[in-house]
Structure formats: C-alpha cells, structure tokens
Amino acid sequence: MKNKTNSLSQEGEARPSRCPDNSAFKQQKLPAWKPQLNIATVLSSFFLTGAFCLSAGVCLILSANSVREIQIDYSDKCSDCSKLRENSSNWNKECNCSVNFTLKEDILGDVFMYYGLQNFYQNHRRYMISRSDAQLLGRNVNIQKSYCAPFTTYQNGTPMAPCGAIANSMFNDTIDLFYNLNSSVIKVPLLKTGNSWWTDKNVKFRNPKSYNLSSAFAGTARPPYWQKPVYLLDEENERNNGYVNDDFIVWMRVSAFATFRNLYRRVRRVEQFADGLPAGNYTFRISYNFPVTKFKGRKHVILSTVVWSGGSNPFLGIAYVVSGTAATLTGFVITAIHLTLRKKKTYF
Amino acid sequence: LQIFAFLALMCLILAIGNGIWEYDKGYYFQVYLPWAEGINSASYSGFLMFWSYVIILNTVVPISLYVSVEIIRLGNSFYIDWDRKMYYPLNDTPAQARTTTLNEELGQIKYIFSDKTGTLTQNIMSFNKCSINGKSYGDVYDMSGQRTEITENTEKVDFSYNPLADPKFSFYDHSLVEAVKLNDVPTHRFFRLLSLCHTVMPEEKKEGNLVYQAQSPDEGALVTAARNFGFVFRARTPETITVVEMGETKIYKLLAILDFNNVRKRMSVIVRSPEGDLTLYCKGADTILYELLHSSCEALKEETTEHLNEFAGEGLRTLVVAYKNLDEDYFQDWIRRHHEASTALEGREDKLSELYEEIEKDLMLLGATAIEDKLQDGVPQTIDTLAKANIKIWVLTGDKQETAMNIGYSCNLLHDDMEDVFIIEGSTSDDVLNELRNARKKMKPDSFLDSDEINIQFEKSSKKPNILPDEQANGVYGLVITGHSLAYALEGNLELELVRTACMCKVVICCRVTPLQKAQVVELVKKYKKAVTLAIGDGANDVSMIKTAHIGVGISGQEGMQAVLSSDFSFAQFRYLQRLLLVHGRWSYIRMCKFLKYFFYKNFAFTLVHFWYGFFSGFSAQTVYDEWFITLYNLVYTSLPVLGMSLFDQDVDDRWSILFPQLYVPGQQNLYFNKMVFVTCMLQGIYSSLILFFIPYGAMYNTMRSDGKAIADYQSFALVAQTCLLIVVSVQIGLDTSYWTVVNQFFIWGSLSVFFAITFTMYSDGMYLIFTASFPFIGTARNTLSQPNVWLAIFLSITLCVLPVVGFRFLKTQLKPTPSDKV
C-alpha cells in the first residue's frame with residue numbers, strides 16, 4: 001500500500017527531482033535493537049532456565065507424590081459380567097459385581113471417583129464428529145444434517161435423542177462405594193453433580209423447553225444402547241436430568257486419547273467422611289452394563305485426591321527435572337567450550 | 001518437490017497405519033463406531049484415509065509461501081528504488097528495479113559480464129590528443145592553455161551539460177593552436193578532414209547554436225574538436241557540406257561517401273573544394289589504413305605508429321586519418337562505375353566494396369586522433385570490492401586489445417600483483433587451443449592428469465551440458481582474449497577448454513567482440529557453471545548479453561534506452577553495482593533464506609503434530625487443532641512477524657557489507673539455503689512437533705485438573721497444543737530476527753495478542769449460541785488456561801523447543817563462525 005501511494009504521489013505532483021525520499025523507512029535505517037547471542041545471555045538463559053526447571057520439577061514431583069490414588073481394573077475382576085456383555089443379545093440382563101479393596105491409611109481431603117477406559121478411541125475423527133451440538137442445546141433441529149449417522153433415527157423415522165455415536169456409547173455402569181465398618185456396611189455418600197465445566201452445564205447443554213422433561217423429549221427415542229431414555233438419567237434431580245445430566249455432559253466432552261479417565265462422582269464430606277475416606281475395607285458395587293472386552297478395552301475405577309498441579313501423573317515433574325538438568329549441564333558444556341576457545345584465541 | 005515426496009510418505013505411513021488399526025482394533029470397535037457406509041474392509045478405509053491425510057498434512061507444502069515470497073521480493077525491490085545512495089543527481093536518475101523477482105539472486109552473483117564503453121567508462125568522448133604529420137600534440141605542458149576559439153564559436157558544445165569549465169572539453173596543448181594559427185598546411189588539412197569526413201548531422205536552432213547529432217560519440221568528439229580548432233562544420237545537404245574554415249565559409253561539394261562498416265573499419269568522403277580540388281579524405285582503424293598508405297609516407301608512418309602506441313597505451317581510442325588528391329579523369333571514370341555499381345541488381349555490395357578498395361589506396365598519411373573515454377567515478381574501487389567479494393569479472397568490449405588492457409589496468413581489473421596475464425590471440429583453432437592449454441597448465445598443472453576429477457567426469461559422461469565444478473588456480477591470473485580467437489574458442493570442442501581456463505582466472509577481458517559473441521560468452525558460462533551471472537551494459541550492443549544473463553543490469557547513460565529497457569535493474573553509474581550486489585543483493589538473499597527457513601520450520605512444526613496424533617487417534621485423520629486455528633495459523637497468527645523479519649532484517653548494516661565484501665561469499669555458494677539447511681530446518685520442525693505433541697500429551701495423560709475434573713479432553717488438548725505451538729513459533733522468530741525494529745516488535749506481540757483475543761472470542765458463550773456448529777470449543781480457553789499445570793506444560797514445551805536452538809546457534813558461532821559473525 002505504502003509503495004503504491006508513493007509512486008502515485010510522485011507522478012501526481014510531477015516532482016522535478018526523482019530523488020527518493022530520505023526517510024528512515026525507505027533508506028532502511030529504522031532504529032533497531034540488534035540482540036546478539038553472547039556468552040553472558042546464553043549462559044544466563046541456560047542456567048536460569050535450568051534452575052527454574054529443576055525447582056519446578058522438584059515441586060511438581062513432591063506434590064504429585066502427595067496425591068493418593070487407587071486404581072482398580074474391574075474388567076478383569078468382573079470377568080463373568082465381561083463375558084456376558086460380549087454377547088450383545090444379553091443386553092437387557094442385569095449383571096452386578098463387587099470389588100473389594102482395603103485402605104491402609106486415611107485418604108484426607110477431597111476424594112474424587114473416576115472411571116477410566118483403556119483402548120476406547122474417543123478421539124477417532126468419525127466418532128468425535130458424531131454429535132449434534134444444536135440438538136444438545138435443546139433446539140429443534142433436523143439432526144439428519146449432522147454427522148450423527150448411523151445413530152440418527154430408527155428405521156421407523158423416530159429421531160434419537162441425543163443422536164450420534166458419542167451419546168450412544170455413553171458409559172452406563174453404575175458404581176457405588178461401600179465402607180465396611182465392623183461388619184456394618186455404610187454407603188459412602190457421593191455427589192453426582194458439579195463434575196462438569198460450568199460452561200458446559202449452563203451454556204453448552206440445555207434441555208428443550210416444555211412443561212416437563214418427558215414431554216420435551218416426546219417424539220424422540222433413546223439411543224439404541226441406552227437402557228433408559230434421556231429424561232430419566234437422573235430421576236431424583238430435575239436439574240441433573242436430560243441433556244444437562246452431569247454424567248452425560250462429562251461423557252460428551254470427548255477425550256483426546258484412547259486411554260482416559262472421566263470424573264464420575266465426588267465423595268461428599270459428611271459424617272465419617274468429613275475428612276475424606278478413613279482407612280478400612282471398602283467395596284465397589286458395580287452394575288456392569290458397558291461392554292469393553294470385545295475391542296480389548298479395559299475399565300478402571302479410580303479414587304484419587306488432587307493437588308494444585310492436578311493428579312498423580314509424575315510426567316511433568318520428571319520432565320522438568322530432566323530438562324532442568326540437561327539445561328544446566330549444557331550450560332557447563334558451553335562454558336567449557338567457550339573457555340577453551342578463548343584460550344586458543346589468545347595464543348594466536 | 002522433495003516435500004511432496006515427504007508428504008506422500010507421511011500419508012502413506014498413516015494410511016497403512018489406518019489399515020492396520022481398522023483391521024486390528026477398529027473392526028472390534030464397531031460396536032460403538034460402525035464403519036462408515038460403503039467401507040467394508042480395512043484396506044479400503046486406509047486408502048481413503050490416505051487422501052484425508054493429504055488434505056490435513058498439505059500444509060507442509062506451504063502454498064501461502066508463494067504469496068509471501070512475492071511480497072518480500074516486491075518490498076526489497078522498492079528498497080532498491082528508494083535508495084538514495086544509488087541515485088545519480090547529475091541526470092536525476094534513481095536506481096530502478098524493473099523486475100521484482102530476482103532480488104535474492106543479486107546476492108548470489110558469481111560472474112559479472114561487463115561492457116566497457118559507457119559502463120566502466122563515461123562514454124563521454126573527448127578529443128584528447130593527436131598526431132599530425134609526425135608531431136604529437138596534446139600532452140600537457142602548461143595548465144593555463146585555454147583556447148580562444150571556443151568563445152568565438154558556440155558556448156554549448158554538443159555535450160550539453162557542462163560547457164567550458166569542464167576539463168573534458170579543454171585542450172591543454174598550446175602548440176596545436178599555434179600550429180593552426182600559423183596556417184600550418186598539414187594541420188589545416190587534418191582538421192578539414194575531421195570537419196568533412198563524418199556522418200554527423202548538425203542542428204542549428206539558433207544562430208551560432210550548433211548541436212551535432214552523431215551516430216557514435218567518437219565522431220561527435222572529432223567534429224567538435226575540429227570545430228573548436230576553427231573548422232566549424234556548419235551544415236550539410238545531400239550534395240554539400242558547409243564548413244566555416246578559420247572564419248570564412250566554404251562550401252564543399254560532397255561527391256561520394258564511402259560508408260563505414262565493421263569489415264572495412266574505415267570511412268571516406270570525396271569532396272570538391274570551392275577551389276575545385278578533388279580530394280578523398282579517409283579515417284579508420286590503424287591496422288586497416290596502414291595497408292592502404294602510399295609508399296612515400298613510410299617515415300611518417302613510423303613516427304605516427306610510435307604515437308599511436310603511446311596513445312593506446314594511455315587507454316585512448318585511436319583513429320588514423322589520411323587523404324588523397326584525386327585525378328579529375330580518373331575520378332569521373334570511378335564515379336561512373338560507382339553509379340553503375342550502386343544501381344546494379346546483383347552483388348551490389350561486393351561491387352561497391354571493390355570500388356571502394358580501388359580508390360582508397362595510396363593514401364597520404366595525415367596523422368592520428370586519440371579520443372579519451374574517461375572512467376566513471378569509483379570504478380576501480382568498485383571493481384576492487386567486487387573482486388574481494390569473490391566475483392569474477394569479465395569485460396567484453398569492442399575495443400582493441402591494447403585499449404582494453406589499458407582500461408583493465410586503469411580500473412584495477414588487471415594489476416601487477418597478478419601472477420600472469422595470458423593473452424589468447426591465436427588465429428587458428430589449434431593455436432587457440434594450445435594457448436588455452438598452456439595457460440591452464442600454468443595455473444593448475446594437475447588439471448591435465450588423468451586422475452583429475454573433472455577429466456574423469458568427462459570421460460564418463462559424454463553428454464554435453466555438464467556442470468563444471470569450480471577449480472582453484474594456484475594464483476591470481478588474468479586472461480585476455482581477442483574476438484578473433486574467441487570465435488574459434490566458442491566453437492564446439494574448444495568451448496570446454498575456454499570455460500575451464502577462463503573460469504580459473506580472476507579476470508577475463510574479451511576484446512573486439514561482437515554483440516552476438518557477448519551473448520555467446522554469457523551463454524557458455526551459464527551452460528557449464530552452476531552460477532548466477534550478471535551482465536551489465538549500457539548500449540544496444542549489450543542487449544543480447546543482458547537478456548542472456550540471469551540478471552541484466554542496464555546503465556541509463558549516454559547510449560539510449562535499449563539496454564535499460566531489456567534489463568532487470570538499472571541505474572546511472574557503474575559504482576552503484578557494488579551497493580546493488582553487496583548491500584541490496586546480500587540483504588535480499590539473507591532475508592529470503594531466513595524467511596524460507598523459518599517458513600518451512602513453522603509449517604513443519606505445525607503440521608507434523610497431526611502426524612504424531614495419528615498414532616494415537618486410530619489414524620483417523622483427526623486434527624490436533626481446532627479447525628479455525630488451522631485456517632488462521634498461516635493467514636493471521638504467523639504471517640506478519642515473518643514478513644516483518646524478511647522486510648527489515650539486516651544482519652550487518654550497509655557500511656559493513658561494503659567494507660567487508662567477503663560477507664558476500666556465502667551467498668554465492670548458497671550457504672544459507674540449500675538442501676542441508678532445508679533438512680536442518682525440517683529436522684528442527686520435526687523435533688519441535690514432537691515436543692509440541694508429547695509434552696502436552698504427557699502432561700495431560702491420566703491426570704486431572706486441580707479441581708478434580710478430567711483434563712485430557714480433546715478440546716483442552718487442542719488448545720494447549722496450539723498455544724504451545726504459537727508461542728514457540730513466535731519465540732523462534734524472535735531468535736531469528738537480528739534487527740528488531742518497532743515494526744517487528746509490533747508484529748510479534750500483536751500476533752500473539754491477536755491469537756489470544758481471537759481464541760477467547762471464538763470460545764465464548766455468545767459465539768457458541770449464535771453459531772453453534774462453527775464454534776464448538778466453547779469455554780475451553782477459560783477452563784483450560786486457568787490451570788497451573790497447563791501453563792507449566794506450555795512453558796516446558798517452549799523451553800525444550802527454544803533452548804536447544806539457542807545453544808546450538810551459540811556453539812555454531814563459537815566453533816564455526818560465519819563471516820558475518822566475525823564482523
């Protein structure tokens with residue numbers, strides 16, 4: 001642009017001299033800062049980042065180590081149920097399974113319960129697009145236009161609510177946690193809500209408007225793999241039902257990897273559990289609905305606390321320590337090289 | 001092209017991966033994700049996935065690169081136009097980049113082919129010396145020698161812009177003026193000849209205001225000289241020439257003009273003076289004219305030859321003049337035959353030239369003229385600088401050997417430090433071959449051994465267009481070759497000898513060459529050497545050469561516009577060439593290289609993350625980033641900083657680049673962007689993409705947010721990966737930039753903030769509610785970028801991507817400093 005206007009103005013005014021302007025821009029003399037890699041900046045950057053990375057890494061490792069985590073693979077432990085579910089004709093048969101474990105120490109603080117899936121490719125492209133966001137906003141849209149196929153409508157034309165492969169494959173095991181205290185069994189109180197992002201719960205997912213939920217979903221049918229329709233996901237809590245059900249929302253936020261964990265429940269800190277989970281024997285009672293063995297998947301149930309840096313994943317901490325060490329060592333190497341070179345130079 | 005192969009390879013790997021995955025896992029995963037309609041086997045799915053990945057990974061082939069390259073070239077051409085240091089105030093000519101696509105090649109020139117007249121010299125001819133009747137005039141004995149005649153005649157001589165005061169038009173030798181005044185007969189005849197024997201057209205717009213239109217500046221200079229000495233050529237009709245001889249007007253009858261041409265190298269006129277005498281006046285090249293002289297002037301011939309050699313030794317252009325009184329009867333007979341010949345239908349040319357030969361003999365030698373063609377300002381220094389920049393200079397001139405060599409010496413092309421200057425002047429093909437071989441033997445004795453690489457190479461492949469590697473001579477040599485020998489040397493089998501020998505020399509001067517030969521020489525070097533050539537010239541005879549060379553430079557000077565019109569760059573003075581090459585060319589080249597390096601790097605780092613993700617997402621062609629980010633990445637987020645760098649970057653400033661011409665050498669060897677460099681930046685891109693994928697992956701794998709919610713959802717991962725990428729890429733450009741202007745700062749920080757602004761906008765509630773289908777990433781930015789471990793992951797990726805580069809670059813400058821680091 002600048003170029004054009006310049007040549008225009010030259011022609012327009014018919015300046016007698018064709019001498020170019022003496023501006024800093026045109027003469028390429030703009031004032032500039034010319035940083036150069038010299039030994040001071042390079043070494044300080046290496047040593048500073050090295051120190052920072054080391055300390056950050058140590059902090060991360062320490063905090064990650066303070067996380068208490070219990071992970072139980074129940075697709076093996078409930079192998080009977082797994083076998084039952086491999087045959088899809090048994091879909092409506094109930095199968096329950098119990099998994100026991102012992103806590104040797106109390107788990108203090110907030111305790112979260114996750115289900116983990118392995119080898120479940122939520123990040124497959126066709127899986128990931130198989131949803132209709134507009135439908136989940138409660139809008140009356142033609143889901144044929146979305147990528148929900150083949151989970152769009154039944155053969156008789158009834159649309160699925162919600163449609164798509166993601167919704168259809170929603171994790172539908174129910175897991176309850178029991179605390180065995182002196183032969184009495186106490187059900188650990190678990191929170192069903194508050195497990196999803198505020199934006200998801202309040203903005204991204206909305207139920208269709210109607211006087212009650214079942215009428216809102218009239219004319220639609222549940223996805224084929226579901227046991228109950230979407231408006232019965234949580235019969236106890238109106239605000240956690242339909243599309244805004246937390247379990248559903250959490251599931252709909254698809255994972256980036258084939259192995260992932262989603263927040264399932266939070267331990268409600270009341271009575272014995274006010275400080276977390278006390279030591280003792282516990283039982284997971286699982287109603288096993290979700291088949292995974294067919295595609296060599298695995299299911300876990302996980303109990304964990306969190307710290308400021310998240311969960312017990314030590315990766316970041318280790319990576320920081322490693323790169324901090326590497327940076328510091330490289331710093332020394334560079335210093336050594338620099339010193340030898342400088343010596344050489346003085347000889348010449 | 002290799003990029004395409006690379007792309008195809010990546011896609012193939014991913015497609016095969018997809019085939020295997022669908023067979024191994026996807027088949028069983030159909031419970032939850034049935035195969036799409038029409039896909040019934042894993043291999044078919046893999047085939048389709050190949051094309052999906054072509055679409056996703058095509059960003060390694062940077063289409064937008066071409067647009068940016070054009071912008072950069074345009075910008076750099078404007079810098080050339082704008083450069084005040086290449087503006088010539090005397091005739092108000094700025095430098096001009098007439099093509100915008102060759103800037104970076106200016107930084108890689110290895111051979112310069114230069115015209116002499118008008119390019120190295122000013123092409124302002126001034127009558128400098130003469131030899132009349134065995135007496136040499138023109139040497140300076142007394143600086144006060146000003147002529148009175150000039151004031152009598154016109155003030156404005158035909159070189160309009162600098163009258164009397166300019167020494168170019170002054171003649172310092174008083175004795176010649178004295179001789180004229182004393183009515184010395186030979187002297188008068190000498191100047192009468194100069195005023196009669198020419199094809200100059202006078203133009204007299206006002207009384208006394210004569211302007212000569214001369215076809216060649218030499219003629220103009222001679223006629224002007226005659227005029228200044230009192231033989232004013234006033235007017236011309238087809239039959240008469242009006243001359244004011246020492247104040248009295250005489251009208252000569254013009255009976256015949258015997259034209260000049262390249263074979264005859266002379267011209268003559270036959271005139272009848274008012275007194276009735278018939279005279280033939282002739283001027284021409286010494287070699288030709290000497291053979292036509294009457295035997296009576298042997299003694300004079302020797303003296304004149306001495307003078308001529310002296311003149312040529314000073315780099316002057318010489319002509320010999322002679323006359324002959326004609327016998328009336330003989331002339332009548334001749335003119336009749338001439339008339340017949342000139343109306344003949346067949347072989348007119350031959351008959352005419354026969355007739356000319358017949359009459360132009362037994363001439364009486366009058367003397368010789370010497371015209372000076374001054375060197376332009378700063379030519380020796382420029383040539384010196386260019387030579388230091390390892391540029392080989394070939395001068396192709398129509399002048400004769402002595403003149404050319406002397407010009408060569410006077411403008412530092414040839415100098416006494418040279419081991420030897422070979423002169424090739426053989427007149428048969430064998431002679432030329434021998435001379436060339438001898439020269440080469442002296443420069444590099446081993447090049448005749450059978451073990452020499454090039455000889456082996458030639459035995460192996462007899463195909464013609466071989467690229468010759470550069471050979472190193474054992475010293476600094478010059479080569480002078482005459483047009484005659486050049487004609488032989490350019491023939492088939494000698495070509496190679498010529499190229500091998502000539503290219504080992506630092507300087508090559510070809511004299512007496514025709515315009516066609518100029519182009520042939522350029523063509524020859526282009527054919528056998530992998531080098532960028534530049535031809536510079538000013539006249540119509542250089543056009544072919546300018547067009548043949550990679551880059552043509554026109555001097556907008558005396559000889560019209562043809563050269564400029566066919567050139568790529570033009571300016572007014574030869575000395576601007578050093579600025580054009582060493583400053584603008586070098587900058588353009590370095591900028592372009594930096595640009596390409598960075599551009600490939602950023603696209604590799606960007607694209608390959610998809611590749612790694614393929615291994616984790618069932619090779620399903622799932623992209624890592626939000627599709628908006630993919631769209632905007634090259635268009636908005638990263639386009640301006642790199643443009644800013646490649647328009648403003650200067651590794652060393654212009655004064656240093658001219659002071660240290662060695663800085664130019666890396667460009668000639670194309671050290672800053674070749675396959676090695678490309679592979680390096682590809683590896684760097686691959687490394688960065690690995691970091692950019694695996695650090696977020698590791699940081700988010702099987703962990704949770706600090707509030708216990710899951711973190712590893714796709715949208716958060718995408719956001720983290722793209723934030724890492726963008727910051728890494730911005731820091732990288734910061735590292736590449738060595739000249740931070742305000743604009744650079746603005747572009748870099750601006751692009752980063754634009755990224756965050758756009759991201760937060762696109763991921764906001766409002767956008768989602770309005771365009772539900774387009775912006776599904778609602779809330780991701782807010783929810784994810786508030787996590788401390790996300791930022792730690794981002795910081796770690798940046799550190800890991802950037803620190804090794806810093807260390808590597810630093811060590812490189814320490815261990816293997818490039819010339820520009822040394823400065």
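A note on names: the letters A, B, ... follow the listed sequences, proteins ahead of strands, and every chain is numbered from 1.
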Chain A contact via B/Y88 - which portion, at a heavy-atom distance below 4.5 Å: neither
Does a donor on one side chain and an acceptor on the other come within less than 3.5 Å for B/S716 and B/D713? yes
Are A/Y115 and A/F171, when compared by the centres of their aromatic rings, separated by less than 6.0 Å? yes
With only heavy atoms counted, which part of B/N744 is less than 4.5 Å from chain A, the side chain, the backbone, both or neither? neither
Quick check on A/R266 against chain B: is it the side chain, the backbone, both or neither that has a heavy atom closer than 4.5 Å? neither
Do B/S77 and B/T100 get their side chains close enough for a donor-acceptor pair, meaning under 3.5 Å? no
At a heavy-atom separation under 4.5 Å, does A/Q71 approach chain B through its side chain, its backbone, both, or neither? neither
Considering only heavy atoms, which portion of A/F112 lies under 4.5 Å from any heavy atom of chain B: side chain, backbone, both, or neither? side chain
Quick check on A/Q28 against chain B: is it the side chain, the backbone, both or neither that has a heavy atom closer than 4.5 Å? both
Counting only non-hydrogen atoms closer than 4.5 Å, does B/L800 touch chain A with its backbone (N, CA, C, O), its side chain (CB onward), both, or neither? side chain
Which region of B/I711, side chain (C-beta onward) or backbone (N, CA, C, O), has a non-hydrogen atom less than 4.5 Å from a non-hydrogen atom of chain A, or is it both or neither? neither
Where does B/T93 contact chain A at under 4.5 Å (heavy atoms): side chain, backbone, both or neither? both
Contact origin within A/S196 toward chain B - heavy atom pairs under 4.5 Å: backbone
B/F810 vs A/H338 aromatic rings, parallel, tilted or perpendicular, using cut-offs 30° and 60°? tilted
How about A/S63 and A/S309: does a side-chain donor come under 3.5 Å of a side-chain acceptor? yes
Does B/Y763 have its ring centroid less than 6.0 Å away from the ring centroid of B/F777? yes
Between B/Y79 and B/F648, how do the two ring planes meet: parallel, tilted or perpendicular, split at 30° and 60°? perpendicular
Contacting moiety of A/R206, where chain B heavy atoms sit under 4.5 Å: side chain
Taking atom types as modelled and ignoring hydrogens, do the side chains of B/T772 and A/R139 form a donor-acceptor contact shorter than 3.5 angstrom? yes
Less than 4.5 Å to any heavy atom of chain B: does that hold for the side chain of A/N195, its backbone, both, or neither? backbone
Interface moiety of A/K294 toward chain B, non-hydrogen atoms closer than 4.5 Å: both
Under a 4.5 Å heavy-atom cut-off, does chain B meet the side chain of A/F52, its backbone, both or neither? side chain
Contact origin within A/V307 toward chain B - heavy atom pairs under 4.5 Å: backbone
Between A/F260, A/Y114, A/Y127, A/F151, the one whose heavy-atom pairs under 4.5 Å with chain B are most numerous: A/Y114
Residue selection (most heavy-atom pairs with chain B, distance under 4.5 Å) from A/A319, A/A327, A/G311: A/G311
Cut-off 4.5 Å, heavy atoms of chain B, and the answer for A/Y264 is neither
Anything under 30° is parallel, anything over 60° is perpendicular, the rest tilted; go ahead and classify B/W587 against B/H584. perpendicular
Heavy-atom distance under 4.5 Å to chain B: side chain of A/P314, backbone, both or neither? neither
Which answer fits B/T741, side chain, backbone, both or neither, if we ask what part of it has an atom under 4.5 Å from a heavy atom of chain A? both
Ring centres under 6.0 Å, that's the criterion: do B/F717 and A/F257 meet it? yes
Which atoms of A/P150 come close to chain B, meaning under 4.5 Å heavy atom to heavy atom: side chain ones, backbone ones, both, or neither? side chain
Side-chain H-bond candidate by donor/acceptor type, A/Q118 with A/T259, under 3.5 Å: no
Measure up the B/F694 and B/W612 rings against each other and bin them: parallel (under 30°), tilted (30 to 60°), perpendicular (over 60°). tilted
Does the side chain of B/S738 come under 3.5 Å of the side chain of B/Q650 through a donor N or O and an acceptor N or O? no
A/I302 versus chain B, the contacting section by heavy-atom distance below 4.5 Å: neither
